[in-house]
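Structure, as structure tokens:
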Amino acid sequence: MITPTRISYGVIAAMILLAGFFHLGPPLLVLLFSYFALRQLYRLTKKKWIALVLFILLVAGIGTAAVYFMRAAILALPDVADTSIPSASAWAQKRQIELPFTDFESLRGVIVDELKQEAHYLQSVAHFAGSTVSMLVLSIIGIVIAASLFLNATFNPDFGASDPRNNLYAVCTEEISARFRDFYRSFETVMGAQITISLINTVLTGIFLLSIRLPHAPLLIAITFLCGLVPIVGNLVSNTIITLIALSVSLKLAIAALVFLIVVHKLEYFLNSTIIGQRIRNPVWLTLIALVIGEGLMGVPGLVLAPVVLNYLRVEMLKIEVPAK
């Protein structure tokens, strides 16, 4: 193994370690997902500028939809609380459980009083808000980087055909590019498996939503599929939306939906280990260990990146020949 190759492996290892140490998993995932979307759009359109325009429209649409749903959820919260709290109070009274609230206003008062008594909670909220803004800015930077790589992925765009290719910079950048290409291919492989998982999850959830005749079922099915493209956390987001809508109907329906969605959520762990394990040809136990380690090191982003890193390690190690003893 030549020195530039060793340097390239060091660069990719440093990227993964630094992303974990500085909690940069979300921006790294945004970069990878953005580049993945751009590549898929390019395969459909065959023109980079059209793919880029469609990608910008897609990002704008996702951002608009996110703001709309957040605003709708905040505005609907009082109505949902006024509908569900009486049911919860009646259920608690039957079991001789005393709740500290009877409607939305009293619930809000309880929360405010608790926050006033626990000053460190306010500090945690402020820290969370600052971290959220920081992650948002870094994610936008990740999108810009992905678009730049899509348009031109070379390290030196001014490098001519007549320039010498045997200098250290040229050889190192070629090796680093090869490492990152392999890493992205691993991500692409895992995403293909994740689409399969999302389809299975959407079919199961769709059957349940239609069977209980939950309001806005077609929209919720579409949201479930889109959220399912993001491993684990996407399922949590769609589950939260479904449970809140079920809660606006009745408490019993919300509990039934929550129990069903928890079962589906647990099933996704095994779908991740089985389907992704087959795609990357790793045993189920090894994939599960990677998911556990990834979650422990980086949280939710680690769950997404763990199968990618596992597949990447396998691909790279298969390239290295070990001399026979």
Side-chain angles (χ1 to χ4, degrees), residues 1-39 42 48 134-135 137-161 163-192 231 276 279-282 286-287 289-291 293-323:
M1 186 184 296
I2 60 176
T3 300
T5 304
R6 292 192 180 95
I7 293 174
S8 66
Y9 283 120
V11 169
I12 196 77
M15 179 199 73
I16 297 172
L17 293 174
L18 290 174
F21 183 78
F22 290 108
H23 308 289
L24 296 176
L28 177 59
L29 284 178
V30 170
L31 192 158
L32 291 170
F33 275 113
S34 298
Y35 190 76
F36 176 81
L38 285 165
R39 295 294 302 175
Y42 177 67
K48 285 191 173 183
S134 177
M135 283 297 128
V137 173
L138 291 174
S139 297
I140 294 173
I141 294 174
I143 293 173
V144 174
I145 294 173
S148 301
L149 289 172
F150 173 70
L151 295 174
N152 191 349
T154 59
F155 278 87
N156 190 356
D158 298 327
F159 201 82
D163 295 328
R165 296 279 180 176
N166 59 347
N167 60 76
L168 182 61
Y169 179 80
V171 177
C172 283
T173 52
E174 287 179 4
E175 290 291 336
I176 293 171
S177 297
R179 302 290 82 75
F180 278 97
R181 278 195 300 270
D182 289 340
F183 187 81
Y184 170 73
R185 289 192 189 107
S186 296
F187 177 81
E188 193 174 31
T189 300
V190 172
M191 275 305 300
I276 293 180
R279 289 289 185 96
I280 64 180
R281 298 178 182 178
N282 281 319
L286 186 58
T287 307
I289 290 175
L291 289 172
I293 294 174
E295 196 278 336
L297 293 176
M298 299 179 64
V300 172
L303 288 171
V304 184
L305 290 173
V308 178
V309 175
L310 188 62
N311 185 50
Y312 172 73
L313 290 174
R314 178 180 175 275
V315 170
E316 291 293 357
M317 287 191 290
L318 285 174
K319 292 180 181 179
I320 301 173
E321 295 184 5
V322 179

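Small disclaimer: the values here were computed from a predicted structure and weren't measured.
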request  = Compute the centroid of each ring, for Phe187 and then for Phe33, and state whether the two points are separated by less than 6.0 Å.
outcome  = yes
request  = Dump the intermediate steps for side chain to side chain contact (heavy atoms under 4.5 Å, CB included) on Val315 and Arg185, then the final yes or no.
outcome  = CA-CA 10 Å; Val315 170; Arg185 289 192 189 107; over 6 Å; no
If you take all heavy atoms of [X] and [Y], which pair is closest and at what distance?
X      : Y      : value
Leu138 : Pro27  : CB-CG, 3.5 Å
Asn311 : Ser186 : ND2-OG, 3.1 Å
Ala19  : Leu28  : CB-CD2, 4.1 Å
Phe180 : Val11  : CE1-CG1, 4.0 Å
Ala290 : Leu310 : CB-CD2, 4.0 Å
Ala146 : Leu31  : CB-O, 3.6 Å

ask   = Can you name the residues that form a ring-ring contact (aromatic ring centres under 6.0 Å, His included) with Phe36, not counting sequence neighbours?
value = none
Non-hydrogen side-chain atoms of [X] and [Y] separated by less than 4.5 Å:
X      : Y      : value
Glu175 : Tyr9   : no
Met298 : Leu305 : yes
Ile12  : Glu316 : no
Ile16  : Phe183 : yes

request  = To the nearest 0.5 angstrom, please state how far the NZ atom of Lys319 sits from the CZ atom of Arg314.
outcome  = 12.0 Å
inquiry  = Working to the nearest 0.5 angstrom, can you tell me the gap between Ile7 CD1 and Thr173 OG1?
reply    = 11.0 Å
query = Which residues pass the side-chain contact (heavy atoms from CB on, under 4.5 Å) test with Ala37, sequence neighbours left out?
reply =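 For Ala37 the side-chain contact (heavy atoms from CB on, under 4.5 Å) partners, ignoring immediate neighbours, are Phe55.
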